[in-house]
Amino acid sequence: MEQKIRVRFAPSPTGPLHMGGVRTALFNYLFAKKNNGDFLLRIEDTDQHRYVPGAEEYIIESLKWCGLSPDEGVGIGGPYGPYRQSERKQLYFKYAEQLIKSGNAYYAFDTPEELTQLRTKAESEKKNFSYDTHTRKELKNSLTLSEKTVNEKIKNGEPWIIRFKMPENETVTEDDLIRGTVKFNTAQLDDKVLYKADGMPTYHLANVVDDHLMKITHVIRGEEWLSSMPLHILLYRALGWEENKPRFAHLPLILKPVGKGKLSKRDGDKMGFPVFPIEWNNPETKENFRGYREDGYYPEAFINMLSLLGWNAGDDQELFSLKELIEKFSLEHVGKSGARFNPEKAKWFNHQYLQKRDEKELTENLHEQLNQKNIPSGNLDRLARIVSLIKDRCTFASELWDNAFYFFEAPKEYEAKAVKKRWKKDTPYKIREITDFLRGVENWNAESMKEVFSNFITEKEWSFGQIMVPLRLSLVGSSQGVDMFLILELLGKEETIKRLETAVEKIGKQQI
RNA sequence: GGCCCGUUCGUCUAAGGGUUUAGGACGCAAGAUUUUCAUUCUUGUAAUAGGGGUUCGAAUCCCCUACGGGCUACCA
């Protein structure tokens, strides 16, 4: 029987989840669902200093908003818990100890200060210090010290850590599911810390132990982890788990829209787009970061946009529901190179999704906006009609009002530029004539009005161009809006005439 | 600096050695429609980083160079 596919999203609660993290979660989710597997959420909180209160809740809420619900993990539970590494603390030491016994790791007593000093010194000589196969022979550790000394030090309560003993000269080869064969030589690698002086494992140890214990079959993570893949491979081997170690897939990074480097949390403020799924208020620094949710994006649009950052279906399709993404997702179609994020396209996606939205919902959105402004929304059928007319002009539901205001409010002022250009000396006369004409119109609906109005204009030998803009200006206040006759119809005779009269009076004054 | 990864229109990407005058989408531009604005539609714009190989044939395979990115903590 085939092994059940199990993947995990394993963020660290050091702050809000950034859209790159969401994409990693998404790809993991898609891969799991595509293969009828499990998607787990594990919180990697092995660094006590970097823990940020609220970050974990933020992560859970973000995934929820995106519709990426884990099958197992923090907040859900499951047979392989706990899923918070801090709660698994006591579990890791025995594996570290096992590595020492098998000769794959060792105790080290060098203090952080000593190591910093070595690094600074190396730097001043334009070299690089690394704790590796060469330097470990001259440092304070259980490889250089006698067993007796080591035991004494530990007994005396001296701080110690455990490091991985990197093989001296070996080529580690691994077949990355996205990148193909990747090779490393251990001579270039350093002896990474596996177990810290505070009694916590480092990411490296914890993630290997947990992935094994939780029966993870595929590790899908960002490219920033590619360099530590050989360490992890070697750890699986040293722990005797090589047979069923997971496969690896390293995702390309998401890059800044302009400039160099990967997308960072500051880019959003600088360029006016969110980099976080939902708003984040840092409890410590009081900093505030906007989110896609609060900016009015639909989660479906956000997810769709993210899915295409580094992945494609192999054809020209660009709009996918989550269900379709699950059907079509494949790691083979994940690209290797970094993807530059394009905020304009993100908006385009939202526009697409807004058009597909149920009009009832959009009508309700506009209804709420009117309520908030204490503006009577009037007849609900009329409201629905308005929404159907203006929705294609909206990228966000919040723009409903911006495109519908003139149906509810008479203009308070008139766009100066358009007035200057189109409001001629004889315009007030013409508008008055039109007003009188409209008073006599009986069939107050757009279609028939268009006809009779056209006849009227033709009879008068006026040009449409000279009439339509001033008319629009009078009713809307600017040269925007839906079809003129639809505006007339929806405004109703009384309101239309009132606005025309007001305009003739006010624009005359405005011009002086 | 060292190690690793990458490089097709401005951006996201397709083309899995011959189906390619390199396709789609966003953006941008023009035109049409709406006598406005927006939408929509049509058309256009624009790319295989450079140099060597391999091959009858290379965007595709190999090498070098350049450029970009990641990692290089008792962070994840």
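Just the heavy atoms: all of them, side chains too, but no hydrogens, waters or symmetry mates, feed the values below. Lettering of chains follows the sequences in order, A, B, ..., and the numbering in each one begins at 1.
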Practice item. Could you check whether Lys347(A) gets within reach of a base, just the sugar-phosphate, or nothing at all, counting any heavy atom under 4.0 Å? Key: nothing

Point to revise | Whole-Å C1' distance, A14(B) and U19(B) | key: 14 Å

Revision key, fill the gap. Checking A15(B), C26(B), C37(B) against the side chain of Trp348(A) (C-beta onward), the nearest is C26(B)

Review point. Just how far, in rounded Å, is P of C26(B) from CG of Leu309(A)?
Key: 16 Å

Practice item. Please work out if Lys127(A) contacts a base, only the sugar-phosphate, or nothing of the nucleic acid, heavy-atom cut-off 4.0 Å. Key: nothing

Study note, to complete from the structure: Ile178(A) atom CD1 is separated from C4(B) atom C1', nearest whole Å, by 15 Å

Exercise for review: Name the closest nucleotide to the Asn342(A) side chain, picking from C26(B), C4(B), G69(B).
Suggested key: C26(B)

Practice item. Under 4.0 Å between any heavy atoms, over every strand shown, what does Gly310(A) touch: base, sugar-phosphate, or nothing? Just pick one. Key: sugar-phosphate

**Study point:** Leu255(A) and Phe341(A): CA distance, side-chain angles, deciding distance, side-chain contact (heavy atoms from CB on, under 4.5 Å) verdict
**Key:** CA-CA 6 Å; Leu255(A) 274 16; Phe341(A) 169 62; over 6 Å; no

**Study point:** A73(B) to C3(B) separation - P atoms, rounded to the nearest Å
**Key:** 16 Å

Review point. Side chain of Asn312(A): nearest nucleotide among C12(B), A14(B), C26(B)?
Key: A14(B)

Review point. Are Phe276(A) and Phe289(A) an aromatic pair by the rule of ring centers under 6.0 Å?
Key: yes

Check your understanding: Angle class for the Phe27(A)/Phe329(A) ring planes (parallel below 30°, perpendicular above 60°, tilted otherwise)?
Key -> tilted

Exercise for review: Ignoring the backbone of Arg163(A), work out which of G1(B), C74(B), C71(B) is nearest its side chain.
Suggested key: C74(B)

Practice item. Take atom C1' in G23(B) and the same atom in A15(B), then report the distance between them in whole Å. Key: 7 Å

Practice item. Could you state the atom-to-atom distance from CG of Asp132(A) to C1' of A73(B) in whole Å? Key: 15 Å

Review point. Taking atom C1' of U13(B) as reference, at what distance in whole Å does atom CD1 of Ile254(A) sit?
Key: 15 Å

Review point. Would you say a side-chain N or O of Thr202(A) is under 4.0 Å from OP1 or OP2 of A73(B)?
Key: no

Exercise for review: Name the closest nucleotide to the Met468(A) side chain, picking from C26(B), U35(B), C12(B).
Suggested key: U35(B)

**Study point:** N/O (side chain, Arg119(A)) to phosphate O (OP1/OP2, C74(B)) under 4.0 Å
**Key:** yes

Study note, to complete from the structure: Closest non-hydrogen contact found for Thr144(A) with Arg136(A) is CG2-O, 3.4 Å

Practice item. State, to 0.1 Å, how close Val22(A) and Pro277(A) come at their nearest heavy-atom pair, and which atoms those are. Key: CG2-CG, 3.7 Å

Review point. Using the P atom in both, what is the distance from A22(B) to A49(B), to the nearest Å?
Key: 15 Å

Practice item. With the side chain of Asp483(A) defined as its heavy atoms from C-beta on, choose the nearest nucleotide among U34(B), C12(B), A76(B). Key: U34(B)

**Study point:** Thr186(A) side chain to Pro167(A) backbone, donor-acceptor under 3.5 Å
**Key:** yes

Review point. For C37(B), does OP1 or OP2 lie under 4.0 Å from any side-chain N or O of Arg472(A)?
Key: no

Exercise for review: Indicate, with a heavy-atom threshold strictly under 4.0 Å, whether Ser478(A) touches base, sugar-phosphate, or nothing.
Suggested key: nothing

Practice item. Please confirm whether the backbone N or O of Lys153(A) pairs with a side-chain atom of Glu158(A), one donor and one acceptor, at under 3.5 Å? Key: no

Check your understanding: Which nucleotide sits closest to the side chain of Ala197(A): C74(B), C5(B), A15(B)?
Key -> C74(B)

Review point. So which nucleotide from C74(B), G70(B), G24(B) ends up closest to the side chain of Ser227(A)?
Key: G70(B)

Review point. Should the ring pair Trp280(A) and Tyr58(A) be called parallel, tilted or perpendicular, given that the plane angle runs from 0 to 90° and is split at 30 and 60?
Key: perpendicular

Check your understanding: Rounded to whole angstroms, how far apart are CD on Glu344(A) and P on G27(B)?
Key -> 7 Å

Study note, to complete from the structure: Between CD of Glu224(A) and P of G70(B) the distance, given in whole Å, is 9 Å

Point to revise | Among C3(B), G6(B), A38(B), the one nearest Ser337(A) by side-chain distance | key: G6(B)

Exercise for review: Indicate, with a heavy-atom threshold strictly under 4.0 Å, whether Asp110(A) touches base, sugar-phosphate, or nothing.
Suggested key: base

Practice item. For Lys126(A), answer base if it contacts any base atom (sugar-phosphate contacts may also be present), sugar-phosphate if it contacts only those atoms, and nothing otherwise; contact means non-hydrogen atoms under 4.0 Å. Key: nothing

Point to revise | Atom C1', compared across U42(B) and G52(B): separation rounded to whole Å | key: 45 Å

Exercise for review: Provide, to the nearest angstrom, the distance between the CE atom belonging to Met229(A) and the P atom belonging to C71(B).
Suggested key: 15 Å

Practice item. For G69(B), take OP1 and OP2 only and decide whether either is under 4.0 Å from a side-chain N or O of Lys256(A). Key: no

Study note, to complete from the structure: For Leu389(A) and Val482(A) the tightest heavy-atom approach is O-CG1, 3.9 Å

Practice item. Please check the phosphate of G69(B) (OP1 and OP2 only) for any side-chain N or O of Lys262(A) closer than 4.0 Å. Key: no

Review point. If you measure from the C1' atom in A58(B) to the same atom in C63(B), how many Å do you get, rounded?
Key: 15 Å

Practice item. Please check the phosphate of U35(B) (OP1 and OP2 only) for any side-chain N or O of Lys450(A) closer than 4.0 Å. Key: yes

Exercise for review: For nucleotides A59(B) and G51(B), find the distance between their P atoms and express it as a whole number of Å.
Suggested key: 13 Å

Study note, to complete from the structure: Against the side chain of Leu253(A), the closest entry in A76(B), C4(B), G70(B) is G70(B)

Review point. How close or far is atom P of A38(B) from atom CG of Asn350(A), stated in whole angstroms?
Key: 20 Å

Check your understanding: Under 4.0 Å between a side-chain N or O of Lys196(A) and OP1 or OP2 of A76(B)?
Key -> yes

Check your understanding: So does Arg179(A) get a side-chain nitrogen or oxygen closer than 4.0 Å to the phosphate oxygens (OP1/OP2) of G6(B)?
Key -> no

Review point. Expressed as a whole number of Å, how far does the P atom of C64(B) sit from that of U48(B)?
Key: 23 Å

**Study point:** Touch class at under 4.0 angstrom, heavy-atom based, for Gly222(A) against every strand present
**Key:** nothing

